[in-house]
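Written out below as structure tokens is the structure these notes cover.
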Amino acid sequence: MDLTILARTACLSASQVRALETDHSDHLFYSEAIKRQAYKRLLMILGAEPPTVEVPEELRDAGKVADAHLHTLDQIVAMSQQPALNRSPLDWARSGLAKLNKHKQFMGALLLLLVAVGLFALQGLQPLGDFVAAASAGSDAVQAPPKPTLAVTATPATAPVEPAPAPASETFTSVAASKVVGCAHVTDALPQLTPFTAQKEGRYVYVVSSSNVEICVVDGNKQATVVQLKAGENRSVYGVSPWQVSSPQLSKLQIYFQGWRVAVPEAATRVSLVEVPVSR
């Protein structure tokens, strides 16, 4: 029979069949039992008689075989029996150490957990003791209140009473209004300034000063606001458009309107800011 067909019929590989023919198959079979089964399968396919197996000497005597079976049964029964309960303390200790050695990682983690819980409990008991001590002291204080005493304080008859400080914004407006005269809406023709690009609504004017100046800002509702700025300060004035901004030192101001700085003429002391549509 062809070797490939024989191997396919016996569910073996060609290398295994060739190895069985040459008796060099130690590395092609998982065990000797599987090797013998494969050899018998090939013989059955080929129609040959299976080889005669020589019985070992120890298996020819029926008495020895029976004794061997009885010894095996005794070992099985001994393994199924429960261990003796009257073991010595040394045996118990050895058994416990063996079990701990098998599960040493788990026991180590359990020990660390117990230590952490103990430390946490000790730290929690200390504030609790302080709380109990404070509560007991408070109860003692409640039970024995101090005797009321009458305290008499002498107050001068002419003691001056300091007025309450006014808000910062109110103080600033009153001081500015006392120093600036003529801050009001005018109907004269003024230079009209518009931003190059309108990024925000014209609801406020933002000014930055490079020196100490006084500014008069009037919105479309003719609401006048006097602003005093020091060098480096800035201020926003809110209202509606159009705006009028005036100051003797207008050239020292940086005026921002609708998110853009407007160009102030060099000799101008009063300008008008006209709102333009916001560019989207």
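- With values rounded to the nearest 0.5 angstrom, R36 atom CZ is found 13.5 Å from R41 atom CZ.
- Across all non-hydrogen atoms, the minimal contact from P195 to W260 is CB-CB, 3.7 Å.
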Donor-acceptor pairs under 3.5 Å, side chain of residues 4-15 to any protein atom, not counting sequence neighbours: which ones?
{"from": "T9", "atom 1": "OG1", "to": "I5", "atom 2": "O", "distance (Å)": "2.8"}
{"from": "S13", "atom 1": "OG", "to": "Q16", "atom 2": "N", "distance (Å)": "3.2"}

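- The cluster map of Ile, Leu, Val, Met, Phe, Trp and Tyr, joined by side-chain heavy atoms under 4.5 Å apart, puts L253 and V208 in different clusters.
- Expressed to the nearest 0.5 Å, how far NE2 of H71 lies from CD1 of I76 amounts to 10.5 Å.
- Pairing each heavy atom of V240 with each of D219, the nearest pair is O-CB, 3.2 Å.
- If you run side chain to side chain contact (heavy atoms under 4.5 Å, CB included) between V207 and each of V217, I255, V237, V213, only I255 comes through.
- The hydrophobic clustering, which links ILVMFWY residues whose side-chain heavy atoms are closer than 4.5 Å, places Y238 and V205 apart.
- Under the 4.5 Å side-chain heavy-atom criterion for ILVMFWY residues, a single connected hydrophobic cluster contains both V262 and V245.
- The side-chain heavy atoms of P265 and L250, taken from C-beta on, include no pair separated by under 4.5 Å.
- Note: Q199 CD to F257 CZ = 13.0 Å, rounded to the nearest 0.5 Å.
- Taking every heavy atom of both residues into account, N212 and K230 meet most closely at OD1-CA, 3.1 Å.
- Here the closest heavy-atom approach between residue Q258 and residue V274 is recorded as OE1-O, 4.1 Å.
- Atom CE of M44 has 12 or fewer neighbouring heavy atoms from other residues, nucleotides or ligands inside a 6.0 Å radius.
- When all heavy atoms of A231 and S210 are compared, the pair lying nearest together is CB-O, 3.6 Å.
- A184 approaches C216 most closely through the heavy-atom pair N-SG, 4.0 Å.
- One hydrophobic cluster, built from ILVMFWY side chains closer than 4.5 Å, cannot hold both V218 and L229; they sit in different ones.
- For the pair S251 (side chain) and E266 (backbone), a donor-acceptor distance under 3.5 Å is absent.
- V271 and V186 fall into different hydrophobic clusters, defined by Ile, Leu, Val, Met, Phe, Trp and Tyr side-chain heavy atoms under 4.5 Å apart, directly or through other members.
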Quiz item: Going through the distances and angles, do W243 and E275 end up as a side-chain contact (heavy atoms from CB on, under 4.5 Å)?
Solution: CA-CA 9 Å; W243 297 83; E275 184 179 4; over 6 Å; no
Practice problem: Dump the intermediate steps for side-chain contact (heavy atoms from CB on, under 4.5 Å) on I215 and R235, then the final yes or no. | Solution: CA-CA 11 Å; I215 314 165; R235 190 65 53 86; over 6 Å; no
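- Between E32 atom CD and I34 atom CD1 the span is 10.0 Å, to the nearest 0.5 Å.
- In this structure, S247 contributes its side chain and E214 its backbone to a donor-acceptor pair below 3.5 Å.
- Judged by distance alone, with hydrogens and angles left aside, the side-chain atoms of Q254 form no donor-acceptor pair with the main-chain N or O of R261 at under 3.5 Å.
- One distance of note links OG of S31 with CD of Q37; it measures 9.5 Å at 0.5 Å rounding.
- Here the CG-CG distance, from L119 to L114, works out to 11.0 Å after rounding to the nearest 0.5 Å.
- More than 12 heavy atoms of other shown residues, nucleotides or ligands fall within 6.0 angstrom of atom CD in E233.
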